[in-house]
Amino acid sequence: MLANNIEKTLQGSSAIRKMFEEGIRLKKERGEEAICDLTLGNPCLEPPKEVKDALTLLAQSTEKKQHQYMPNAGIQKTRSFIANELVKESNLPFTANHIIMCVGAGGGLNVVFKSLLNEKDTVVSPSPYFAEYRFYAQNYNASLVPVKTKPDFSLDLDGMAKAITAKTKIVLLNSPNNPTGAVYTSQELTDLGVLLRKKSDEYGVPITLLADEPYKEILYEGNVPCIFSYYENTVVVTSYSKSLALPAERIGYIAISPHHSFHKKLFDAACICTRILGFVNAPAFMQRLLPLVANIKVDLSLYKKNRDLLHQKLNEIGYLCSKPQGAFYLFIPIPRQVKESEFIQLAQKEGLLLVAGSAFGLEGYFRVAYCVEEEVIQRSITKFQNVWDQCTIKSS
């Protein structure tokens with residue numbers, strides 16, 4: 001018999017992955033050209049040439065002991081490199097002893113959760129949220145407490161104030177957001193910092209602001225404020241999955257603010273949690289890559305072109321589609337005349353694979369991942385029109 005909690009998890013497992021796997025099946029059944037799979041945030045771009053050149057250089061190196069065990073926090077040179085980059089960005093005194101290399105952002109989030117959460121603690125997060133957050137909290141017998149954002153997907157600070165209790169150890173942000181593409185503003189973060197100081201004082205427990213930032217470099221307009229500037233007890237987890245198109249390589253880092261009230265203890269905890277969770281340390285080969293590709297990122301022109309085309313065409317059809325600042329998703333209300341599940345099924349019959357908003361904690365929406373080839377976006381327009389027409393027929 002399986003563990004009880006895993007039995008439950010299997011029943012409600014990731015709708016995103018289910019649809020992605022369904023896409024593989026349908027492509028075999030109907031042919032590649034018949035299916036527009038917009039489910040998974042799986043970058044279609046190749047890593048930049050500089051990345052491939054650096055990987056070749058590393059593979060040809062004759063340096064000894066490159067593949068032996070290392071400290072759990074990761075390679076000192078890489079951690080120092082990242083710390084220096086964060087000093088430039090934040091003007092805070094980061095050192096290598098504030099950085100832990102991690103196995104992707106998902107691995108990093110689990111390390112921080114393991115380090116901070118007791119049974120029945122809560123993690124407060126704006127909703128919609130990345131679908132795995134709830135499972136990550138459950139790993140430690142804690143719970144995710146979602147707080148619905150405003151209609152424009154900005155933070156509802158009043159709602160967050162009500163959700164934070166004496167059991168809240170973490171407030172979790174994701175900006176640019178998956179699934180909405182929203183970027184939280186400097187004013188929102190300022191107000192959130194004030195709220196978290198007030199609540200920390202009220203309950204006598206420092207609340208950690210945990211920022212999940214794998215999309216920080218996927219930005220089309222404006223800027224993503226440096227979150228370390230707004231609240232002392234901040235930890236950032238990020239990866240290079242999106243910025244360097246390396247999702248399968250699972251490389252990222254945890255950065256603990258030097259002003260965090262117990263940053264030394266948290267660093268030590270994260271190091272041991274990296275080990276006892278079974279990661280031991282992030283892959284050495286990818287750690288060595290990072291200092292060689294400083295300030296390199298993928299060309300965003302394709303993503304921007306896809307975003308702009310979809311935004312224009314879907315609004316022309318009738319979908320209420322807002323234009324996101326970052327990431328590579330659109331999060332769109334489902335036409336009122338049909339239920340969420342019915343809409344997703346209509347789209348699937350049309351060969352258009354989407355993810356229901358309920359997977360992200362907000363029913364009545366669907367997510368489009370536009371990190372695909374342009375021709376897939378072009379083919380999807382007719383399918384979106386056909387689904388809209390069928391919804392209109394159902395309402396008449």
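Because the structure is a prediction, the values reported are computed rather than measured.
In this structure the side chain of L38 never reaches within 4.5 angstrom of the side chain of L353, judged on heavy atoms. You'll find the side chain of I99 reaches within 4.5 Å of the side chain of L86, heavy atoms only. Between P93 and P258, the closest side-chain pair of non-hydrogen atoms falls below 4.5 Å. S243 has its side chain out of reach of V298: every pair of non-hydrogen atoms, C-beta onward, lies at least 4.5 Å apart. By the 4.5 Å heavy-atom criterion applied to side chains, L55 and L289 are counted as neighbours. At least one side-chain heavy atom of L195 sits less than 4.5 Å from a side-chain heavy atom of M160. D156 has its side chain out of reach of T149: every pair of non-hydrogen atoms, C-beta onward, lies at least 4.5 Å apart.
Of the candidates I82, N72, I75, M101 forms a side-chain contact (heavy atoms from CB on, under 4.5 Å) with just one, namely I82.
Using modelled atom types, one finds no donor on one side chain facing an acceptor on the other under 3.5 Å when comparing S175 with N177. Side-chain atoms of R79 and Y253 form no donor-acceptor pair, as typed in the model, at a separation below 3.5 Å. Inspection of the N386 and Q390 side chains reveals no N or O donor paired with an N or O acceptor under 3.5 Å. Checking T234 against H260 by side-chain atom types alone, no donor-acceptor pair falls below 3.5 Å. Counting only N and O atoms by type, the side chains of T208 and Y231 include no donor and acceptor under 3.5 Å apart. A donor atom on one side chain and an acceptor atom on the other are not found under 3.5 Å apart for Y220 and Y303. T95 and N97 share no side-chain donor-acceptor pair at under 3.5 Å. Side-chain N/O atoms of S143 and T122 include no donor and acceptor closer than 3.5 Å. In this structure, a donor-acceptor pair under 3.5 Å is absent between the side chains of N281 and Y69. Counted by atom type alone, T190 and Q187 present zero donor-acceptor pairs between their side chains at under 3.5 Å. A donor and an acceptor atom, one from each side chain of E340 and S358, are located under 3.5 Å apart.
Ion pairing between a basic and an acidic side chain is recognised when a charged N comes within 4.0 Å of a carboxylate O; E89 and K216 show such pairing. The pair K304-D308 meets the salt-bridge criterion, with a side-chain N (NZ, NE, NH1 or NH2) lying under 4.0 Å from an Asp/Glu carboxylate O. Between D121 and K167 a salt bridge is recorded (basic side-chain N to carboxylate O distance below 4.0 Å). One finds a salt bridge joining K305 and E374 here, because a Lys/Arg side-chain nitrogen approaches an Asp/Glu carboxylate oxygen to under 4.0 Å. Here R379 pairs with E375 in a salt bridge; the nearest charged N to carboxylate O distance falls below 4.0 Å. A salt bridge links E221 with R307: the closest approach of a Lys/Arg side-chain nitrogen to an acidic carboxylate oxygen falls below 4.0 angstrom.
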Can you give the donor-acceptor pairs under 3.5 Å from side chains of residues 264-279 to other protein atoms, not counting sequence neighbours?
unit_1: T274; atom_1: OG1; unit_2: A270; atom_2: O; d: 2.8

Kindly list each side-chain donor-acceptor pair under 3.5 angstrom involving residues 44-54, sequence neighbours excluded, with atom names and distances?
unit_1: E46; atom_1: OE1; unit_2: K52; atom_2: NZ; d: 3.2
unit_1: K49; atom_1: NZ; unit_2: D53; atom_2: OD2; d: 2.6

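Side chain of E188 to main chain of L155: a donor-acceptor pair is present (N/O by atom type, distance under 3.5 Å, no hydrogens or angles). In terms of modelled atom types and a separation under 3.5 Å, the side chain of N178 and the main chain of N174 share no donor-acceptor contact. Judged purely by atom type and a 3.5 angstrom limit, R288 uses its side chain to pair as donor or acceptor with the backbone of Q66. Listed for the S154 side chain is no donor-acceptor partner under 3.5 Å among the backbone atoms of K150. Remark: side-chain polar atoms of S380 are paired, donor with acceptor, to backbone N or O of I377 under 3.5 angstrom.
Rounded to the nearest 0.5 Å, atoms OG (S127) and CD (E363) are 11.5 Å apart. Distance CG/L362 to CZ/R367: 13.5 Å, rounded to 0.5 Å. With values rounded to the nearest 0.5 angstrom, R250 atom CZ is found 6.5 Å from S239 atom OG. Rounded to the nearest 0.5 Å, atoms CD (Q287) and CG (L290) are 7.5 Å apart. Note that CG of L330 is 5.5 Å distant from CG of L310, once rounded to the nearest 0.5 Å. If you take OG on S257 and CZ on F94, they are separated by 5.5 Å, rounding to the nearest 0.5 Å.
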**Asked** Under the side chain to side chain contact (heavy atoms under 4.5 Å, CB included) criterion, do N139 and K114 qualify, and how do the steps go?
**Response** CA-CA 8 Å; N139 283 343; K114 179 73 171 175; over 6 Å; no
**Request:** I would like to know whether N233 and I207 meet side chain to side chain contact (heavy atoms under 4.5 Å, CB included); could you show each step before the answer?
**Result:** CA-CA 7 Å; N233 293 322; I207 298 169; over 6 Å; no
**Request:** Under the side chain to side chain contact (heavy atoms under 4.5 Å, CB included) rule, what do L109 and D212 come out as? Steps first, then yes or no, please.
**Result:** CA-CA 8 Å; L109 290 172; D212 178 24; 3.9 Å; yes
**Request:** Go through the steps for Y365 and F360 under the test ring-ring contact (aromatic ring centres under 6.0 Å, His included), then give the verdict.
**Result:** CA-CA 9 Å; Y365 285 76; F360 306 96; over 10 Å; no
**Request:** Kindly indicate, with the supporting measurements, whether the criterion side chain to side chain contact (heavy atoms under 4.5 Å, CB included) is fulfilled by F384 and L352.
**Result:** CA-CA 8 Å; F384 275 113; L352 182 61; 3.6 Å; yes
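By the rule that hydrophobic residues join a cluster once side-chain heavy atoms approach within less than 4.5 Å of another member, Y184 and I227 end up as members of one cluster. Residue L196 is grouped with residue Y203 when hydrophobic side chains (ILVMFWY) are merged at heavy-atom distances under 4.5 angstrom, including chains of intermediate members. Cluster annotation: V147 and L189 are assigned to the same hydrophobic cluster (Ile/Leu/Val/Met/Phe/Trp/Tyr, side-chain heavy-atom contacts under 4.5 Å, transitive). Residues F130 and Y140 share a single hydrophobic cluster, defined by chaining ILVMFWY side chains whose heavy atoms lie under 4.5 Å apart. No path of Ile, Leu, Val, Met, Phe, Trp and Tyr side chains, each step under 4.5 Å between heavy atoms, connects I164 with Y129, placing them in separate hydrophobic clusters.
For the residue pair I332 and C321, the shortest heavy atom distance occurs at CD1-SG, 4.0 Å. For the residue pair V124 and A163, the shortest heavy atom distance occurs at CG2-O, 3.8 Å. Of all the heavy atoms in E350 and K383, the pair that sits closest is O-NZ, 3.0 Å. Here the shortest heavy-atom pairing between E213 and T238 reads O-OG1, 2.9 Å. Across every non-hydrogen atom of W388 and G318, the tightest pair is CH2-O, 3.2 Å. Minimum interatomic distance between L219 and V183 (heavy atoms only, all atoms of both residues): CD1-CG2, 3.8 Å.
Taking the salt bridge (Lys or Arg N to Asp or Glu O under 4.0 Å) definition, one finds that E249 meets it with nothing, sequence neighbours left out.
Within 6.0 Å of CG in N4 there are 12 or fewer heavy atoms belonging to other residues, nucleotides or ligands. Heavy-atom contacts from other residues, nucleotides or ligands closer than 6.0 Å to NZ of K323 number more than 12.
Residues F366 and F331 place their aromatic rings such that the two centres sit no closer than 6.0 Å.
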